[in-house]
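Please read the structure below before turning to the comments.
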Amino acid sequence: MTASSLDNQLNYVHAAFDEENDGLLPISLQDLTNKHKEASTSKNSTFAPKNTSLPSSTKSASLLKVDRPAFFVLVLLYLLQGVPVGLAFGSIPFILKSKLSYSQVGIFSLAAYPYSLKLIWSPIVDAVYSPKLGRRRSWIIPIQTISGVTLIYLGSLIDGLMEDPQNCLPTITFCFFMLVFFCATQDIAVDGWALTCLSPESLSYASTAQTIGINTGYFSSFTIFLALSSPDFANRYLRKVPLDVGLFSLGSYLTFWGWMFLAVTALLWFVPEDPPHLAKRNQAKLSNEKIKTESVYNKDSKFKDLQNVYLAMFKVLKLPNVQTFVIILLISKFGFQVNEAATNLKLLEKGLSKEDLSITVLIDFPFEMVFGYYAGRWSTGKSPLKPWIFGFAGRLVAAALAQGIVYFFPEDGKISSFYFLLVILQHLLGSFMSTIQFVSLCAFHTKIADPAIGGTYMTTLNTLSNYGGTWPRLILLYLIDKLTIEECKVPSVTNSYYITDEDLRQQCKSSGGKLTVLRDGYYYTNTICVIIGIFTLLWVKRKTTYLQSLPNSAWRVNKD
């Protein structure tokens, strides 16, 4: 989110947002980045600026009292952002899998694309605004209002749509695509607001606000929602008289959060764009950075702010070293995508309950916080990509272990404590390695980013990195279905028949037939991906060793 990675307090979120750190603003980040460098790198010459210095008092060990209201608002905004994302990335695919094929769940994965492509419109959010409302509130207030109304409307329809997901899949996907689009747009604006609503001494707490807020919203819509909406969980732990429904439905959950969106939006009308103690400073900084960007990337000042940002992005992507690095970002996650996209779905298909899976994810949460801290310390120095390579290999190991865990799933469906522990440990390994890669990559991006357009530079790279984990999923989920061969045996019918689509699978179940998997496409697809991942790792290791040895000047646009 911000340049606070320089304090080893990098923002990290759940693996579902895998290395998601974009939304950085192209104009407003750079000066704060430099100040943060000056305050935090006296022991690390790699990040130390050459000609400037700041007193040590610019860094605060605790959140300043004057910044606490703004910090609370940021947490609240990030929490709202995490709610639809937790549904789209977490709960909805698990609900759909009970009635749809992997290919169809892959189609729903398109709903997550706005988070991977928001770089396309982030300059618009940064450059177009109403001075009366404020640079960030001009987007946050209308976007949250639209999100709230959409959630309330969708809440009245979603239960009916989920009853027949096969025919309603395009509608479901489109609805959540729009919700994620709204949240991605809100994220761009909130990330920018975080840079201006907190004092420089408290800036490192911006990542803390995002970590607390997004993770709370995400787990509310994933772990907590799956548990409390489950009749089994409610009857086992929360009720004396069993019922065949959970504590609430998906529709009522969406409606509740829709009204929460509107309530928080109403609150924002009373929150100033710039806190009184920072108003003059922010106005001066915005003018100064605007002049810097125009002087470097548009010496004649013929373009407006928006055109300057897109031009800067284009020039960055023309650099040969950046193009090589972009290829690495786009292909490096292919090897473990089957594990991260399909292993949990396969465990559910085998018989693991959604409640047990949500508990597994919940256990991951505190460990990820610890992982992020130590990964941040490890990623400092002249070779920040060294931990990233280690994490790459670790995620391939986690993908291989996942295959064994799925293969040895108990045939009787009874999960022992030992097996459940193995599931948890495999999840923790994947989360640990993912966090290492995320933090390491952020450190490298910060190291190579051109200070004149630091936000644009890192936004470009982080968005492409995130897209590298998005584009393979639809293809791989489709391959799992195509490589799977299932046979249906119905007691009243002599001959068995093969399952070629989800309709035949549901027909087999409704007629009391027994499904037998003759060939499981999950194992074949995961094996292929891991093998490709190993060869990719060998190539990427050689390239990253070369790339991180280059001087910073090799990553900068020629200003002549």
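Remember, predicted model here, so these are calculated numbers, not experimental data. Counting begins at 1 with the first residue of the sequence. What's counted below: heavy atoms across the whole structure, side chains too, no hydrogens, waters or symmetry copies.
Under the 3.5 Å distance criterion, the side-chain polar atoms of Thr544 are matched with a main-chain donor or acceptor of Val540. Here the side chain of Lys482 pairs no donor or acceptor atom with the backbone of Ser103 at under 3.5 angstrom. Although no hydrogens or angles enter the test, the distance criterion places a donor-acceptor pair under 3.5 Å between the side chain of Gln426 and the main chain of Ala398. Judged purely by atom type and a 3.5 angstrom limit, Thr527 uses its side chain to pair as donor or acceptor with the backbone of Tyr523. Judged purely by atom type and a 3.5 angstrom limit, Arg135 has no side-chain atom pairing as donor or acceptor with the backbone of Tyr129. At least one donor-acceptor pair closer than 3.5 Å links the side chain of Ser138 to the backbone N or O of Ser130. Under the 3.5 Å distance criterion, the side-chain polar atoms of Trp471 are matched with a main-chain donor or acceptor of Leu330. Between the side chain of Ser109 and the backbone N or O of Gly106 there is at least one donor-acceptor pair closer than 3.5 Å. At least one donor-acceptor pair under 3.5 Å links the side chain of Ser98 to the backbone N or O of Ile95. Between the side chain of Gln323 and the backbone N or O of Leu317 there is at least one donor-acceptor pair closer than 3.5 Å.
A pairwise comparison of heavy atoms in Ile405 and Val423 identifies CG2-CG2, 3.9 Å as the closest pair. Nearest heavy atom pair, residue Ala189 against residue Ile140, reads CB-CG1, 3.6 Å. Residues Cys488 and Leu515 come closest through the heavy atom pair CB-CD2, 4.3 Å. For the pair Val105 and Leu477, the tightest heavy-atom approach, listed with the atom from each and the gap, is C-CD1, 4.2 Å. Annotation for Ser116 and Thr463: closest pair O-CG2, 2.9 Å, computed over non-hydrogen atoms. For the pair Glu487 and Leu518, the tightest heavy-atom approach, listed with the atom from each and the gap, is CB-CD1, 4.0 Å.
For the pair Ser101 and Arg505, the minimum side-chain heavy-atom distance is below 4.5 Å. Leu476 is listed as a side-chain neighbour of Cys529, based on a closest heavy-atom distance under 4.5 Å. Side-chain contact between Leu87 and Leu254 is present, with at least one heavy-atom pair separated by less than 4.5 Å. Looking at Leu268 and Gln144, their side chains come closer than 4.5 Å, going by heavy atoms from C-beta outward. Here the side chains of Tyr102 and Thr525 are not in contact, with every heavy-atom distance at 4.5 Å or above. Side-chain contact between Gln104 and Leu96 is absent, with no heavy-atom pair separated by less than 4.5 Å. Contact check for Leu154 versus Leu179: side-chain heavy atoms found under the 4.5 Å cut-off. No side-chain heavy atom of His427 sits less than 4.5 Å from a side-chain heavy atom of Ile424.
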Test Phe334 against Thr536 for side chain to side chain contact (heavy atoms under 4.5 Å, CB included), laying out the working first.
-> CA-CA 9 Å; Phe334 188 86; Thr536 303; over 6 Å; no
Show the numbers, then the answer: is there a side chain to side chain contact (heavy atoms under 4.5 Å, CB included) between Ile485 and Tyr498?
-> CA-CA 7 Å; Ile485 299 177; Tyr498 291 112; 3.9 Å; yes
Start with the C-alpha gap between Val397 and Met433, add the side-chain angles, then the distance that decides, and say whether side chain to side chain contact (heavy atoms under 4.5 Å, CB included) holds.
-> CA-CA 10 Å; Val397 172; Met433 296 303 169; over 6 Å; no
Check the pair Leu250 / Phe225 against side chain to side chain contact (heavy atoms under 4.5 Å, CB included), numbers first and verdict last.
-> CA-CA 8 Å; Leu250 178 59; Phe225 171 76; 3.6 Å; yes
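When the shell of 6.0 Å around NZ of Lys541 is examined, it contains 12 or fewer heavy atoms from other residues, nucleotides or ligands. Trp539 CH2: more than 12 foreign heavy atoms inside a 6.0 Å radius.
Here the OG1-CG distance, from Thr265 to Leu80, works out to 7.5 Å after rounding to the nearest 0.5 Å. To the nearest 0.5 Å, the span separating CZ on Phe89 from CZ on Phe108 amounts to 9.5 Å. To the nearest 0.5 Å, atoms CZ (Phe261) and CZ (Phe256) are separated by 11.5 Å. The NZ atom of Lys543 sits 7.5 Å away from the CG atom of Leu547 when rounded to the nearest 0.5 Å. Put simply, CD1 on Ile436 and OG on Ser440 are 9.0 Å apart, with the number rounded to the nearest 0.5 Å. Here CE of Met178 is found 11.0 Å from SG of Cys183. Values are rounded to the nearest 0.5 Å.
Every pair passing side-chain hydrogen bond (donor to acceptor under 3.5 Å, both in side chains) that includes a residue from residues 149-161 is listed here, sequence neighbours excluded: Asp159-Ser249.
The side chain to side chain contact (heavy atoms under 4.5 Å, CB included) test with Leu461 is passed by exactly one of Ile448, Leu441, Val316: Ile448. Applying ring-ring contact (aromatic ring centres under 6.0 Å, His included) to Phe181 and the options Phe174, Phe176, Trp121 leaves one that passes, Trp121.
Side-chain contact, Tyr522 with Asn339: no donor N or O sits under 3.5 Å from an acceptor N or O. Using modelled atom types, one finds a donor on one side chain and an acceptor on the other under 3.5 Å when comparing Ser221 with Tyr253. Defined by atom type and a distance below 3.5 Å, a donor-acceptor pair is missing between the side-chain atoms of Trp139 and Thr185.
Between Phe392 and Trp388, the distance from one ring center to the other falls under 6.0 angstrom. Between Phe325 and Phe444, a ring centre-to-centre spacing shorter than 6.0 Å is recorded. For Phe94 and Phe222, the distance between ring centers is under 6.0 angstrom.
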